[in-house]
Amino acid sequence: MPEAPLDLLLLPTWLVPVEPAGVVLRDHGLGIRDGRIALIAPRSEALRYTATEVRELPHCLLAPGLINAHGHAAMTLLRGIADDLPLMTWLHEHIWPAEGKWVDEDFVRDGTDLAIAEQIKGGISCFSDMYFYPQTAAERVHNAGVRAQITVPVLDFPVPGALNAAEALRTGLQLFDDLKQHPRIRIAFGPHAPYTVSDDKLEQIRVLADELDAGIHMHVHETAQEVAEAMAKHGERPLARLARLGLLGPRFQAVHMTQIDDEDLALLVEYNCSIVHCPESNLKLASGFCPVERLWQAGVNVAIGTDGAASNNDLDLLGETRTAALLAKAVAGSATALNAHSALRMATLNGARALGLGTQTGSLELGKLADVVAFDLSGLAQQPIYDPVSQLIYASGRDCVKHLWVGGKQLLDDGRLTRMDESELIAKAREWGARIASK
């Protein structure tokens, strides 16, 4: 028996630990103590343990909290501002001008709060954010109780909050120093893309990331046009250039990767990079298709991200995971590609591994952080249930998210936010929308 009572004992109908792969435990309990998973046992055995609180979760599937491995949180305030446009038109003629006009610390504060709330309600316990004023985003993450990787955007030209790459890097180093002991926030470097960051800045980022053991998070091979222009300008594909500059490695997070040839695949495998797949944003911007099944079969770690709400237009990782599973089958020409259990793994443990958190979260294992989501599968549309993971991925939406705990602290209770005021968030978002639309 444990030396101290459990803080919380959860008793769901199904428990899906994700590791080991493909396992569904029926009528088991999960115990939490001091923010970590202290017990996983059959219900009858779990009930022998003393617990401060016991929660019955009938018809619920308990899983690791979802991990949104790529996004631009504050862009929730630009949701729907420039739809149905090609990537470069969308970026150069609409998004960048709007950001130049509106983005300040207030924008990032309110937009990040909106994104965090939406993600918590969607079962997301951890997310990666790449946006301006990262210090403000980190403050909002701290207040909300959620887990995050805050990536400091680096570009060769002035952006909101940073006149140049040097200033952005100084901000990143200060943030890293300030938050290196934070239990829920990690700082990473976010060179925007190969076409917006020069070789000297990329080499500088490599040196800093190596010194600090920090992640590098970057849009790479997002479109065929990007690759073609790189070949014309540099005589090499962007991924090959990044390899030559020494950026690739286990801490490198390549976002999008819709254009992958044999040489690219070989580099990804050789350097043990992670890929963050953003299927809905790629579909909406007609950017291309990431060959997920081919990567998976080659042993590449593939995580999943929503991208920003300006190009998705939601931060619904459960929906994104369904899209990823269906798209992987079409791209591979195989109905067996990326099954439901593998898709859930992409949205949890693979995301944790991509962000350098694989030993701490992403699966329900003894000693890991208690980042846990309960999905209610009692609804009409989920019946009957043969495989609860299949019903979760193929027949459920984020409206079935019932509870969410991060580090053992409850952030969502029966669909209600415990730390944030939903009506206040909606009112602030509407104010921003009215201001932006009126100009």
Side-chain angles (χ1 to χ4, degrees), residues 68 70-82 91 94-120 124 126-180 182 184-192 196 214 217 306-311 315 417 419-439:
N68 184 359
H70 176 67
H72 311 283
M75 291 184 86
T76 47
L77 295 181
L78 298 177
R79 193 193 316 260
I81 197 172
L91 204 55
H94 298 273
I95 296 302
W96 283 350
E99 288 177 331
K101 185 170 188 176
W102 294 108
V103 174
D104 58 15
E105 290 185 78
D106 290 341
F107 180 101
V108 172
R109 181 195 65 226
D110 294 345
T112 303
D113 280 348
L114 182 64
I116 290 171
E118 180 181 352
Q119 291 182 100
I120 289 172
I124 294 167
C126 177
F127 68 100
S128 181
D129 182 37
M130 178 196 237
Y131 208 58
F132 312 120
Y133 296 101
Q135 61 274 40
T136 302
E139 172 195 295
R140 307 324 294 168
V141 168
H142 172 78
N143 290 349
V146 74
R147 199 175 306 286
Q149 171 183 269
I150 303 294
T151 72
V152 179
V154 181
L155 297 92
D156 280 345
F157 45 85
V159 296
L163 290 172
N164 51 42
E167 185 177 348
L169 289 172
R170 280 197 299 274
T171 296
L173 290 170
Q174 185 63 55
L175 259 182
F176 190 95
D177 196 50
D178 290 346
L179 299 173
K180 60 188 174 188
H182 198 285
R184 290 181 284 103
I185 301 175
R186 285 172 70 97
I187 303 300
F189 294 100
H192 171 260
T196 53
H217 188 90
T306 58
D307 210 347
S311 66
L315 305 181
L417 297 165
R419 291 198 185 188
M420 305 180 86
D421 185 328
E422 189 167 342
S423 58
E424 183 182 322
L425 293 169
I426 291 170
K428 282 185 179 178
R430 286 175 175 162
E431 285 175 18
W432 276 104
R435 283 174 62 193
I436 292 169
S438 68
K439 298 296 182 182

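Source: prediction; values computed, not measured.
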Going by salt bridge (charged side-chain N to carboxylate O under 4.0 Å, His left out), name the pairs with one or both residues in [range], residues two or more places apart or in two chains.
| range | result |
| --- | --- |
| residues 131-145 | D113-R140 |
| residues 153-179 | D177-K180 |
| residues 70-80 | R79-E118 |

When rounded to the nearest 0.5 angstrom, what distance separates [atom1] in [X] from [atom2] in [Y]?
| X | Y | atom1 | atom2 | result |
| --- | --- | --- | --- | --- |
| L175 | I150 | CG | CD1 | 8.5 Å |
| L77 | W102 | CG | CH2 | 11.5 Å |
| R147 | S128 | CZ | OG | 14.0 Å |
| L315 | I120 | CG | CD1 | 12.0 Å |
| L114 | W432 | CG | CH2 | 12.5 Å |
| Q149 | I187 | CD | CD1 | 8.5 Å |

Contacts of D129 meeting side chain to side chain donor-acceptor pair (under 3.5 Å) (sequence neighbours excluded), chain-then-number -> none
Does L169 form a side-chain contact (heavy atoms from CB on, under 4.5 Å) with F189? I'd like the steps, not just the answer. CA-CA 8 Å; L169 289 172; F189 294 100; 3.8 Å; yes
Could you tell me if the side chain of [Y] sits less than 4.5 Å from the side chain of [X], heavy atoms only?
| X | Y | result |
| --- | --- | --- |
| I436 | F107 | yes |
| V141 | H182 | no |
| Y131 | V103 | yes |
| F127 | I116 | yes |

Across all chains, not counting sequence neighbours, the salt bridge (Lys or Arg N to Asp or Glu O under 4.0 Å) partners of E105 are none
Would a distance-only check, ignoring hydrogens and angles, find a side-chain to backbone donor-acceptor pair under 3.5 Å from R184 to H142? yes
Backbone N or O of D307 within a donor-acceptor pair of the H70 side chain at under 3.5 Å? no
Name all pairs fulfilling the ring-ring contact (aromatic ring centres under 6.0 Å, His included) condition that reach into residues 151-179, sequence neighbours left out, sorted by first residue then second. W96-F157
Do the side chains of E431 and R435 get close enough for a salt bridge, i.e. N-O under 4.0 angstrom? no
Might you point out which heavy atoms bring V154 and A165 nearest each other, and give the distance in Å? CG1-CB, 3.7 Å
